[in-house]
Amino acid sequence: MRYSRLFPKTLRAVPKGVTSPGYRLLYRGGFIRNLGRGLFSFPPLGVRVLHRLEAIIRAEMNALGGQEALAPVVNPIEIWQRSGRHHLVDSDMVTFKDRLGRDLVLATTHEEAMVEMVRTGMHSYRDLPVFLYQFQEKYRNEERTRNGLIRSREFIMKDGYSFHRSFSDLNNFFPKVFRAYQRIFAVCGLDVIAAEAGVGYMGGEKSFEFLAPSSVGDDYVIVCDKCGYAANREVAVGVNNTRLTRSGRPREMKKIHTPGCDNMARLAERLELPRSALAKTMVFSSGGDLIMAVVRADFDVSVEKLARVIGTSMLRRARPEELTERGLCPGFVSPLNLNGEAVVVVDRLAADTSNLVYGANVDGAHYVDVNFGRDFDADAVGDIARADPDAECVHCGGPLVERRAIELGNIFRLGTVYSEAMELVVNDEHGRPIYPYMGSYGIGMGRLIAAIVDAHHDDDGIIWPVSVAPFHVYIMSIGKSFAVKDAAEGIALDFGDEALYDDRHESIGTKFKDFLLLGIPFRIIVSVATASDGTVELFDRRNGETEKVSVGSVRSHVEARLEGYRSWRSN
RNA sequence: CGGGAUGUGGCCUAGUGGCUAAGGCGCCUGCUUUGGGAGCAGGAGAUCGCCGGUUCGAAUCCGGCCAUCCCGACCA
């Protein structure tokens, strides 16, 4: 490829909104462009990287028996109604009508569409297992986009869906996907943490996330460096250390006036008490029901844990109107003096702590010295709080730490949630109907690119791992000599599609800078100085070393070096 | 959702009530230049985000809208 023909060229500066280092480098190099909030274009250079990643993933998926398929981005709303996930229309999913007035949605994921595709060709247990995957657009109406490709609205995902005749067959397959994912990220030069994660709106029972630690990440993972325990912040469990316990003889409950204390910070300040002496009550909505979650105010509610306790996958925070409609007073909500307005779930630590401060369900009043079991009761008590960052590991007692990370992939054991909801049925060997067990497996392609650049760059530019670099070599010549230019062009031809030949009439400095920015593994320079003895200069972006190589052997030399890097990476 | 900020040639910025909106980068033309984002000369490119208001006069003041970025958040 001649650089003079490649679109686009590098930029020295980037638009104002382009902030994080990785985003800047990708933008300056010409790998990505921004079309609007959370919407990205991939110019040819970016597509080349994307294709490398696809090839790596495709090889691993095919090795698992996966078959590539493709489902449409636009879905009829009916399939989402059948799976029961049409509530996403309110939040994540965009809906619109076609010219006949029928409701369509932009798919946020493709369980529904894949189940429908499979339905048309699967009738017997003999057709199982089936593993389909695709590289497809998703659109999610993100409330907050961030850091370029790290959190965008439209993005490309590799998503795979497996169908099994039994739970044990799914359980047998699942770890194979797990290991394939680890290989994929290793080949991409990423150190990832595989963490236990919530199921969110996917449903199912168990999921793992693959996260790349990064300061620009948007997720938090709690890890134990001693035994390797790792879990998403929402589901992590820890042993609370002793400073967290708070007990004492129950005192008599009293009502006090607390005007204006409609949040925990003000209440703590007013009463001159630590947050651990206060109870925090948050209200969620599930279906038409209100769920009241009580935790101690020095903790946060984990929506994931709460959802598990009450057995639902549809939880969202209740709106203030929903509270007032049922006679609850925002800012002073509590489980005291309720008349069945809400389902009450109390966190175990809050239940075990005596003499806490609770709201009074009227404006400007709280109760002090409230004791669970004596002054109020709950529909359920359980672990619904996020793990305290200072907690100790449940498994080994080691210290837990919270890390920021980019979530690159997620694998779910869905079970029969979708096959049952959508009536995907096959006959077993006795002629009885069975619902196939499903798994679903995603990788965010844009995030993968962002994470790779975040992990592999220096002040001058990107340093692509050889497995994903858009080109293997960058070739340039110095001087006006036609012989030198011909030699450079000859080498470029020899490398074929793997060479980026900089034939522009730019100064030497510009070409050097652009090479460093683009992150191509090797640079070959042909000049009068080297041409006289039939050699070229070979520069390794990775270690900064330069060597003289004969023109005739440069290609095999580079390929050997690339191979060396590849095998070193996969170890 | 909440808070903060910003919108001026393709990009970055200056201009905060008064003459023809200024500069840098990039782009185009010519000459020169080839081992670290070159030099000289010339040139093109802007309804100052949009709508309305105040004023003799608005990029500048006021109001509304739109767009973008940053921070925070299931913490009532």
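Because the structure is a prediction, the values reported are computed rather than measured.
Rounded to whole Å, the distance from CZ on A:Arg523 to P on B:G36 is 12 Å. Rounded to a whole Å, the CZ atom of A:Arg33 is 11 Å from the P atom of B:C11. Remark: P of B:C74 and CG of A:Leu323 are 17 Å apart, rounded to the nearest angstrom. Spacing between atom CZ of A:Arg151 and atom P of B:C69 amounts to 14 Å, rounded to whole angstrom units. Rounded to whole angstrom, the span from the CZ atom of A:Phe512 across to the P atom of B:G36 amounts to 8 Å. The separation between A:Arg24 atom CZ and B:C70 atom P is 13 Å, rounded to whole Å. A straight line from CG of A:Asn147 to P of B:C70 spans 6 Å, rounded to a whole angstrom. Straight-line distance from the CD1 atom of A:Ile150 to the P atom of B:C71: 12 Å, rounded to whole Å.
When base pairs are accepted only as Watson-Crick or G-U wobble with both N-N or N-O distances under 3.5 Å, RNA chain B takes part in stems of 3 or more pairs at B:1-7 with B:66-72, B:10-13 with B:22-25, B:27-32 with B:38-43, B:49-53 with B:61-65.
Nucleic acid contact class of A:Leu11 (heavy atoms, under 4.0 Å, all strands): none. Among the atoms of the strands shown, base atoms are found under 4.0 Å from some heavy atom of A:Lys280. Residue contacts for A:Leu516: at a heavy-atom cut-off of 4.0 Å it reaches a base atom on one of the strands shown. Looking at heavy-atom distances under 4.0 Å, A:Ala265 makes no contact with the nucleic acid at all. Among the atoms of the strands shown, base atoms are found under 4.0 Å from some heavy atom of A:Glu537. At a threshold of 4.0 angstrom between heavy atoms, the contacts of A:Thr10 include nucleobase atoms, whether or not backbone atoms are also involved. Note on A:Asp460: nothing from the nucleic acid sits closer than 4.0 angstrom, heavy atoms only. A:Arg275 comes within 4.0 angstrom of a base, heavy atoms only. Across all strands, A:Asp300 comes closer than 4.0 Å to base atoms (heavy-atom distances). Within the nucleic acid shown, A:Asn34 has no heavy atom closer than 4.0 Å to any nucleic acid atom. Residue A:Val14 is classed as a sugar-phosphate contact, given heavy-atom separations below 4.0 Å to backbone atoms only. Residue A:Met264 is in sugar-phosphate contact alone, with no base atom involved, counting any heavy-atom pair closer than 4.0 Å across all strands shown.
The shortest distance between the side-chain N/O atoms of A:Arg37 and the OP1/OP2 oxygens of B:C70 is not below 4.0 Å. The phosphate of B:C11 (OP1 or OP2) has no side-chain N or O of A:Arg28 nearer than 4.0 angstrom. OP1 or OP2 of B:A38 sits under 4.0 Å from a side-chain N or O of A:Ser507. The phosphate of B:C71 has OP1 or OP2 within less than 4.0 Å of a side-chain N or O from A:Arg144. Under 4.0 angstrom from either OP1 or OP2 of B:C70 there lies at least one side-chain N or O belonging to A:Thr19.
Between A:Arg5 and A:Asp503 no salt bridge is recorded (no basic side-chain N to carboxylate O distance below 4.0 Å). With respect to the salt-bridge test (charged N to carboxylate O, under 4.0 angstrom), the residues A:Asp494 and A:Arg555 qualify. A:Asp383 has a carboxylate O that lies under 4.0 Å from a charged side-chain N of A:Lys305, or vice versa, which qualifies the two as a salt bridge. The existence of a salt bridge linking A:Arg37 and A:Glu142 is excluded, since no basic side-chain nitrogen approaches an acidic carboxylate oxygen closer than 4.0 Å. The residues A:Arg348 and A:Asp352 are annotated as not salt-bridged, no charged nitrogen and carboxylate oxygen being separated by less than 4.0 angstrom. A:Arg386 has no carboxylate O lying under 4.0 Å from a charged side-chain N of A:Glu304, or vice versa, which leaves the two without a salt bridge. By the 4.0 Å N-to-carboxylate-O rule, A:Arg296 lies too far from A:Asp347 to be salt-bridged with it.
For A:Phe471 and A:Trp464, the distance between ring centers is not under 6.0 angstrom. Between A:Tyr474 and A:Phe539, a ring centre-to-centre spacing not shorter than 6.0 Å is recorded.
Nearest-nucleotide assignment on RNA chain B puts the 5′-proximal partner with A:Thr530, out of A:Thr530 and A:Val18. Residue whose closest nucleotide on RNA chain B sits further toward the 5' end, between A:Ala529 and A:Pro330: A:Ala529.
Distance noted for atom C1' between B:G35 and B:C40: 23 Å (whole Å). The C1' atoms of B:G23 and B:G9 are separated by 12 Å, rounded to the nearest whole Å. Here, B:A44 and B:G7 have their P atoms 28 Å apart, quoted to the whole Å. Remark: the separation of the P atoms in B:C19 and B:G57 is 15 Å, to the nearest Å. The P atoms of B:U60 and B:C51 are separated by 12 Å, rounded to the nearest whole Å. Rounded to whole Å, the separation between the C1' atoms of B:G63 and B:C27 comes to 40 Å. Taking atom C1' in both B:G39 and B:U20, one finds a spacing of 31 Å when rounded to whole Å. Here, B:C11 and B:C69 have their P atoms 15 Å apart, quoted to the whole Å.
Cation-pi geometry between A:Arg2 and A:Tyr501 is not met at under 6.0 angstrom from the ring centre and within 45 degrees of the axis. For A:Lys9 and A:Tyr3, the positive end sits near the middle of the six-membered ring, less than 6.0 Å away and at most 45° from its axis. Remark: A:Arg447 is not positioned above the aromatic ring of A:Phe155, lacking an NZ or CZ atom under 6.0 angstrom from the ring centre and at most 45 degrees off the axis.
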Review item, nucleotides 21-30 of chain B N/O atoms under 3.5 Å of protein N/O:
from  : atom 1 : to      : atom 2 : distance (Å)
B:G26 : OP1    : A:Arg12 : NH2    : 3.0

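Out of B:G37, B:U34, B:C74, the shortest distance to the side chain of A:Lys513 is found at B:G37. Nearest to the side chain of A:Lys16, among B:C12, B:A38, B:G35, sits B:C12.
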**OP:** Dump the intermediate steps for ring pair (Phe, Tyr, Trp, His ring centres under 6.0 Å) on A:Phe332 and A:His366, then the final yes or no.
**Re:** CA-CA 7 Å; A:Phe332 299 88; A:His366 281 81; 5.2 Å; yes

